[in-house]
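Here the structure comes first, spelled out in structure tokens, and everything after it is commentary.
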Amino acid sequence: MRYYSTNLNASLVDFPTALLKGLADDRGLYMPETIPQFTPDEMKAMKRMDYPTLAYTVLHKFMADDIPAEDLRRQVDNAYDYAVPLEPVKRRMYVMRLDQGPTASFKDFAARMMGRLMQYYLAREQRKLLILTATSGDTGSAIANAFYGLDNIQALVLFPENEVTARQRKQMTTLGKNVRVVAIDGKFDDCQALVKRAFADPALKHLDLSSANSINIGRLLPQSVYYFWAYSQLAEYPEPAVFSVPSGNFGDLMGGLIAREMGLPVSRYVVATNENDEFPNYLDTGEYEIIIPSRNCISSAMNVGHPSNVARLIALYGGIMDEAGNIHQEADMKRMRQELWSISINDAQTRQTIINAWIDDKLLLEPHGAVGWAGLLAYLEAYPEDACRLCVSLETAHPAKFPEEIQKLLGFDPSLPPSLMGLEDKPEYVQQMETDYDAFVRLLKEHYA
Ligand SMILES: *Cc1c(COP(=O)(O)O)cnc(C)c1O
């Protein structure tokens, strides 16, 4: 199994190379050359699997040549030691709670697997890496937590100072050790731009930089697994299901699209964005216009005006998009519109959804999950014939990560999962930096040269 770059100007590489490089030399994103398929019998056999076994089964399809089966199995057992609840809401509508990991967001699924695989290959090659990551909140904590204490890896996390909650911030800044955290006086897009520029900078080549953002293929593949999980637990193969995915950088959605290419029966993916509506507009008009600066919404991890993974999505539909968002070859829009349905949910609708879900269905949502749920409800209004289908909306963070918003809307403080307890009292290790590339280079040279 080899991986190509979405810019089509870099050589094909194997999985460990794609994983450890992150971004291809032509600044494109790695995609598997072919997507492996499950047979109907393999699909049916998933019904009896627990989550780690299922994760092993899906990832083994991609990595059979690159890691011995028993080593992969061990990494997977170690990464997925928490529950993945499917909460019934009404009719055949469910919310999949991806918030039970150590940092209480769905990013744990990807970060924990990626960290372990990187460590595995680095140890084998006796190499070290510096992981650079830009975060709008949950990535930073998931990455910091997943990499904390690993021998061959240093992690440097940039986050936009004013776009994360106090609790999100504390989840990143209270670790220390091999995890350095820097607060930027800008937006998520500024953080991402600094990181992208550093990767492309020949003067920094010697630092052996790698990325942990959702541009890394090693983060993407583990995000296919939970779609199979929901389906195997709730559906009868081969009935088609509907998934609703609250989307920011589109890594979560890409996991789902890869799952479908592997044989998961999905009639529609609902792609729910916040007010950063470049994708719903694109699906509507065929014109892709990035949003600069990105719009600030309460679903802050989705404040992305030009999602990196859209280049992968376009590649999956036969088109070519460069990293600036220019389309060099049209994608198959007809098929895309059959398979995806997209909607932008504004903050007022998000808040109303949190209130209604709680009052009507005793369903507790935080802002990201509420965007997904609102998207699903809007979809079923537009396509009432799909109301009889299995519908799964993804809840990507724990409501306790947004206590101010929940308190304001519902009048109570959601109880903390054990992973979030005691953060207030821990000391912070964090430094400040302005949005300035030269300052960033100085910081890198000072600590890692
Ligand atoms: C990152 C994140 C998202 C968006 O996921 P993408 O893969 O970037 O589309 C949604 N919700 C939460 C809570 C997140 O942390």
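Indexing begins at 1, ligand by ligand and atom by atom, following the structure's order.
- By the criterion of a heavy-atom distance under 4.0 Å, the side chain of Met302, and not its backbone, is placed next to ligand 1.
- Residue contact check: Gly251 has heavy atoms under 4.0 Å from atoms 6 (P), 7 (O), 9 (O) of ligand 1.
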Determine, stepwise, if the pair Arg295 / Asp347 fulfils salt bridge (charged side-chain N to carboxylate O under 4.0 Å, His left out). CA-CA 11 Å; Arg295 297 172 186 145; Asp347 273 355; over 6 Å; no
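- Remark: of the listed residues Trp229, Tyr227, Trp341, Phe228, Tyr227 is the sole one forming a ring-ring contact (aromatic ring centres under 6.0 Å, His included) with Phe243.
- Taking the ring centroids of Tyr383 and Tyr379, they lie under the 6.0 Å cut-off.
- Using a 4.0 Å cut-off between heavy atoms, Gln223 makes no contact with ligand 1 at all.
- Near Phe106, the atoms of ligand 1 lying under 4.0 angstrom from a non-hydrogen atom of the residue are 1 (C), 2 (C), 3 (C), 5 (O), 7 (O), 14 (C).
- Nearest heavy-atom pair, Leu19 versus Met118, reported as atom, atom and distance to 0.1 Å: O-CE, 3.3 Å.
- Remark: ligand 1 and Thr396 share an N or O pair separated by less than 3.5 Å (distance only, no angle test).
- On a distance-only criterion, Glu366 and ligand 1 share no N/O pair closer than 3.5 Å.
- When Val371, Asn249, Asp99 are ranked by how near their heavy atoms come to atom 6 (P) of ligand 1, first place goes to Asn249.
- The distance from ligand 1 to the heavy atoms of Ser247 drops below 4.0 Å at these ligand atoms: 9 (O).
- For residues 184-193, the pairs satisfying salt bridge (Lys or Arg N to Asp or Glu O under 4.0 Å) are Glu163-Lys187, with sequence neighbours left out.
- In this structure, the salt bridge (Lys or Arg N to Asp or Glu O under 4.0 Å) partners of Lys61, at least two apart in sequence or on a different chain, are Glu42.
- Within the listing of ligand 1, atoms 1 (C), 2 (C), 3 (C), 14 (C), 15 (O) sit less than 4.0 angstrom from a heavy atom of Lys107.
- For ligand 1, the atoms closer than 4.0 angstrom to any heavy atom of Ala397 are 13 (C).
- In summary, Lys408 and Glu404 do not engage in a salt bridge, as defined by a charged side-chain N under 4.0 Å from a carboxylate O.
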